[in-house]
Amino acid sequence: LANFLFSNKVWGAQLIEIGTAPHGGAGIIEHLWLYDYLLASGARICADGVSDSHGGELIADPVPGTAEQWNFVSWIRNVDFASSPADLVQALRSCGVSFGNPFYARGGMWIRTATDSAGSYLQMDLDGVTPSAGFYVVEGEIDSTGTSHRPVYRQYQSKVERGSKPRVGGCRPSFVRLEAWASNRPMAFSNIVFLPGSPNP
């Protein structure tokens, strides 16, 4: 499916639902892998999350197997109820989107990159995420040749601590995202950030 989507340039889509109910035997892990595949192959696309319950209740601890099981929402960075449609679209186009469970991650989970003398690192805004969550970095290399391929990970679910500054970056361009889990329960998924390649590290 990932190869098929990439081969068709994802039909020009700039946003893809990743945080969603299981479909066709694929759950959140498979949806995230599909997203990583598209990014690693060179697609510039952002991810969001939706409840997909179509009128069901939004509850903190839904019963597994019910329509309310996947109660994801999306947060859009730097906008509020007074923001114009143009501001909303611009925020979405810049991948200023994170998603997760609104009862355990309030206001989203955000990352950005910064640099110091040793190279690039992540600045993480985790204030709204439940204290019970563990945090995991995913970083994959980006191939700009336009060839469809499985992701090559520099880091895959590398555990990081709250308040730390995880190192990222390398010779090739990369994408970075952050996941928050409480045991096997998905809590939140950050916006995506892109890093240029740097031979210095």
Side-chain angles (χ1 to χ4, degrees), residues 15-23 25-36 39 46-81 91-92 95-114 120-140 151 153-169 174-193 195:
L15 197 64
I16 186 170
E17 286 182 3
I18 296 301
T20 186
H23 293 291
I28 183 68
I29 294 295
E30 291 81 11
H31 282 104
L32 289 164
W33 186 88
L34 181 144
Y35 185 43
D36 291 345
L39 292 170
C46 308
D48 70 354
V50 296
S51 71
D52 207 34
S53 65
H54 298 278
E57 291 183 280
L58 190 64
I59 51 182
D61 298 298
V63 176
T66 64
E68 295 79 30
Q69 178 177 359
W70 306 99
N71 53 0
F72 291 129
V73 301
S74 293
W75 296 279
I76 305 173
R77 184 181 239 166
N78 298 327
V79 299
D80 58 28
F81 291 109
L92 290 170
C95 284
V97 185
S98 67
F99 65 89
N101 184 321
F103 297 94
Y104 296 100
R106 298 178 183 271
M109 182 170 73
W110 307 100
I111 59 173
R112 64 182 178 180
T113 56
S120 298
Y121 62 91
L122 283 186
Q123 292 180 324
M124 305 181 295
D125 179 354
L126 311 176
D127 291 347
V129 183
T130 178
S132 63
F135 301 98
Y136 305 87
V137 171
V138 175
E139 180 182 13
Y153 292 106
R154 287 194 191 127
Q155 304 180 66
Y156 183 74
Q157 291 188 332
S158 299
K159 188 166 176 44
V160 296
E161 298 302 321
R162 225 182 253 266
S164 65
K165 297 179 178 179
R167 290 288 165 185
V168 292
S174 64
F175 65 87
V176 184
R177 57 182 183 80
L178 187 69
E179 302 179 359
W181 293 79
S183 184
N184 63 346
R185 294 184 60 197
M187 297 283 104
F189 300 87
S190 75
N191 59 302
I192 196 87
V193 294
L195 281 166

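All residue numbers in this chain count up from 1 along the given sequence. Being a predicted model, the structure only gives us computed values, none of them experimental.
Within the 4.5 Å cutoff, the side chain of E179 has no heavy atoms near those of the V137 side chain. Counting heavy atoms from C-beta outward, Q155 and V138 have side chains that stay 4.5 Å or more apart. Proximity of F72 to I28: side-chain heavy atoms (C-beta onward) are separated by under 4.5 Å at one or more points. The shortest side-chain heavy-atom distance between T130 and N101 does not fall under the 4.5 Å cut-off.
Heavy-atom minimum distance, G134 versus K159: CA-NZ, 3.8 Å. What you find for P166 and V160 is that their closest heavy atoms are CG-CG1, 3.6 Å. Nearest heavy atoms, R162 versus V129: NH2-O, 3.0 Å. Considering every non-hydrogen atom in both I192 and F175, the closest pair reads CD1-CD1, 3.8 Å.
To the nearest 0.5 angstrom, C46 atom SG is 8.5 Å from L39 atom CG. Between W110 atom CH2 and M124 atom CE the span is 15.5 Å, to the nearest 0.5 Å. Remark: E139 CD to S120 OG distance equals 9.0 Å, nearest 0.5 Å. In this structure, CD on Q157 lies 8.0 Å from OH on Y136, to the nearest 0.5 angstrom. Rounding to the nearest 0.5 Å gives a distance of 5.0 Å between CG of L195 and OG1 of T113. Between S158 atom OG and F135 atom CZ the span is 15.0 Å, to the nearest 0.5 Å.
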Q: Given side-chain contact (heavy atoms from CB on, under 4.5 Å), test L32 with I18 step by step and report yes or no.
A: CA-CA 6 Å; L32 289 164; I18 296 301; 3.6 Å; yes
Q) Does the pair T20 and H31 meet the rule for a side-chain contact (heavy atoms from CB on, under 4.5 Å), with working shown? A) CA-CA 8 Å; T20 186; H31 282 104; 3.7 Å; yes
Q.
Run the side-chain contact (heavy atoms from CB on, under 4.5 Å) test on L122 and K165 for me, step by step, so that the C-alpha distance in whole Å, both residues' side-chain angles and the decisive distance to 0.1 Å come before the verdict.
A. CA-CA 5 Å; L122 283 186; K165 297 179 178 179; over 6 Å; no
Q. Passes side-chain contact (heavy atoms from CB on, under 4.5 Å), S98 versus W75? Steps please.
A. CA-CA 5 Å; S98 67; W75 296 279; 3.6 Å; yes
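Listed for the E30 side chain is no donor-acceptor partner under 3.5 Å among the backbone atoms of G25. In this structure, S51 contributes its side chain and N71 its backbone to no donor-acceptor pair below 3.5 Å. Side-chain atoms of R177 do not come within 3.5 Å of backbone N or O of V193 as any donor-acceptor pair. Panel note: side chain N191, backbone I111; a donor-acceptor pair is recorded below 3.5 Å. One N or O on the side chain of S164 and one on the backbone of E161 form a donor-acceptor pair closer than 3.5 Å.
Under the 30°/60° scheme for interplanar angles, the aromatic rings of F99 and F189 are found to lie parallel.
The number of heavy atoms from other shown groups lying within 6.0 Å of CZ (R112) does not exceed 12.
In this structure, a donor-acceptor pair under 3.5 Å is present between the side chains of S174 and R154. Side-chain contact check for Y156 and D36: no donor-acceptor pair (N or O, by modelled atom type) lies under 3.5 Å.
A cation-pi arrangement, defined by a distance under 6.0 Å to the six-membered ring centre and an angle within 45 degrees of its axis, is present between R185 and Y104.
Salt-bridge formation is not detected for the pair D127/R106: no Lys NZ or Arg NE/NH1/NH2 atom is positioned less than 4.0 Å from an Asp or Glu carboxylate oxygen.
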